[in-house]
Amino acid sequence: MLQQTPVVRVEPAWRAWLERWPTPADLAAASTADVLRAWDRLGYPRRALRLQECARALVERHGGAVPDDETALRALPGVGEYTAAAVRAFAFGRRSVVVDTNVRRVLARAVGGVALPAPHPTAAERATATAVVPADDAEAAAWAAASMELGALVCTARSPRCGECPVRDLCAWRRAGFPDDEHAHRRRTQAWHGTDRQCRGRILAVLRAAHAPVAHEELDGAGTDDAQVERCLGSLVVDGLVARRPDGRYALPTG
DNA sequence: AAATCGGGGAT
DNA sequence: ATCCCAGATTT
């Protein structure tokens, strides 16, 4: 849930989710339509599918438990480099290199001396992150939490609270005089209005609200034109987020 | 390496 | 209007 979605928006959904499906086995047994409705508008609904697939994989491969080793974690649906490292550190107290958007920013500033990290993670970044993680399991886990919190609460993207920063005296960005972001000109703001993402979101919103299959005409307003709605319906079906019934109507996938 | 994939709160 | 968010997956 936290992959690209702010904590404040995730927390209530997460609590309700765990109350409804306390264990991987519970989520594995749920209907996918119910899962997508519970996901509501957290965004990137494919993550909801991956999460349920992950629960089913945990049941089938790991007896319903979460594994603690890197390889097994990375093999789970929806679990990438960050999530595997985060689970190892926060769930198991093991050493791992946890590099999320917050940590990237902290290291870019404190170590790299620049305002913001590159648009996409680089090998050099990971090398730096690895080098600064303590060797001890417990210390490394604490480091992961601390570096993320520092980025989330103090070393923020917009208005960093440098006056309250515990490491301001060793911050390379501060020492350099807070230079502006060097690749600000290359940053490309993601479009939204009229995009397929918006159209897909609208289609799913209709299907979440409907508790009976929906006719194609009821989805006409979801996009800028018929071709877009058609294209998005197709991609949603391919993604497994929408099911096309034999009668031509659409619904959230059962299963 | 680049594209794609949501949505909302803050500025 | 733009920015930004505890990224992953596919091409």
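Chain naming here is simple, since letters A, B, ... match the order of the sequence lines and numbering starts at 1 in each.
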State whether A:Asp136 and A:Arg95 are salt-bridged, where the test is any N-O pair (Lys NZ or Arg NE/NH1/NH2 against Asp/Glu carboxylate O) under 4.0 Å.
->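 Salt bridge: no.
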Which part of the nucleic acid, if any, lies within contact of [X], taking any heavy atom under 4.0 Å across all strands shown: a base, the sugar-phosphate backbone alone, or nothing?
X	answer
A:Val98	nothing
A:Leu42	base
A:Gly80	sugar-phosphate
A:Ala86	nothing
A:Arg46	base
A:Glu149	base

Shared hydrophobic cluster, A:Val87 / A:Val99 (ILVMFWY, side-chain heavy atoms < 4.5 Å) |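 A:Val87 and A:Val99: separate clusters.
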Set of ring-ring contact (aromatic ring centres under 6.0 Å, His included) partners for A:Phe178, sequence neighbours left out |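 A:Phe178: ring-ring contact (aromatic ring centres under 6.0 Å, His included) contacts with A:Trp173.
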5'-most contact on DNA chain C: A:Thr83 or A:Arg105, nearest heavy atom basis?
->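 Per heavy-atom nearest nucleotide, the more 5' residue is A:Arg105.
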Closest nucleotide of DNA chain C for A:Pro6 versus for A:His120: which of these residues is on the 5' side?
->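 Mapping each residue to its closest nucleotide by heavy atoms, the 5'-most match is A:Pro6.
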For [X] and [N], give me the distance from atom [atom1] to atom [atom2], rounded to whole Å.
X	N	atom1	atom2	value
A:Asp181	C:dC3	CG	C1'	12 Å
A:Tyr44	C:dC4	OH	P	14 Å
A:Leu51	C:dA6	CG	P	18 Å
A:Tyr82	C:dG7	OH	C1'	9 Å
A:Glu125	C:dG7	CD	C1'	14 Å
A:Leu36	B:dG6	CG	P	11 Å

base_contact_polar (B:dG7 base, A:Thr5 side chain, donor-acceptor, <3.5 Å) =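 There is none.
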Donor/acceptor link under 3.5 angstrom from A:Arg197 side chain onto base of B:dG6 |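 Between B:dG6 and A:Arg197, which were checked side chain against base, a qualifying N/O pair under 3.5 Å is present.
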Presence of A:Gln4 side-chain N/O under 4.0 Å of C:dG7 phosphate oxygens OP1/OP2 =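 For A:Gln4, the contact criterion (side-chain N or O under 4.0 Å from OP1 or OP2 of C:dG7) is met.
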Looking only at side-chain N and O atoms, does A:Thr101 come under 4.0 Å of OP1 or OP2 in C:dC5?
->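 Answer is yes, contact under 4.0 Å.
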Partner of A:Leu236 under side-chain contact (heavy atoms from CB on, under 4.5 Å), chosen from A:Leu207, A:Val242, A:Asp196 |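 Among the candidates, only A:Val242 passes.
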Residue pairs involving residues 69-90 of chain A (criterion salt bridge (Lys or Arg N to Asp or Glu O under 4.0 Å); sequence neighbours excluded) =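 Qualifying pairs: A:Glu81-A:Arg126.
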Smallest separation among heavy atoms of A:Val106 and A:Cys155, with atom names |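 Smallest interatomic distance, heavy atoms only, reads CG2-CB, 3.9 Å.
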Taking only the [atom1] atom of each, what is the distance from [N] to [M] in whole angstrom?
N	M	atom1	answer
C:dT10	B:dG6	P	14 Å
B:dG8	C:dT9	C1'	24 Å
C:dA6	B:dA3	C1'	23 Å

Look at the side chain of A:Arg41 and decide which nucleotide, out of C:dA6, B:dC5, B:dG8, has an atom nearest to it.
->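 The closest nucleotide is B:dG8.
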Pick out the pairs of N or O atoms, protein on one side and nucleotides 9-11 of chain B on the other, that lie under 3.5 Å.
unit_1 : atom_1 : unit_2   : atom_2 : d
B:dT11 : O4'    : A:Arg158 : NH1    : 3.1

For DNA chain B, whose closest nucleotide is more 5', that of A:Leu241 or that of A:Pro121?
->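 It is A:Pro121, whose closest nucleotide lies nearer the 5' terminus.
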What distance separates A:Thr122 OG1 from A:Glu125 CD, expressed to the nearest 0.5 Å?
->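 Output value for this atom pair is 4.5 Å.
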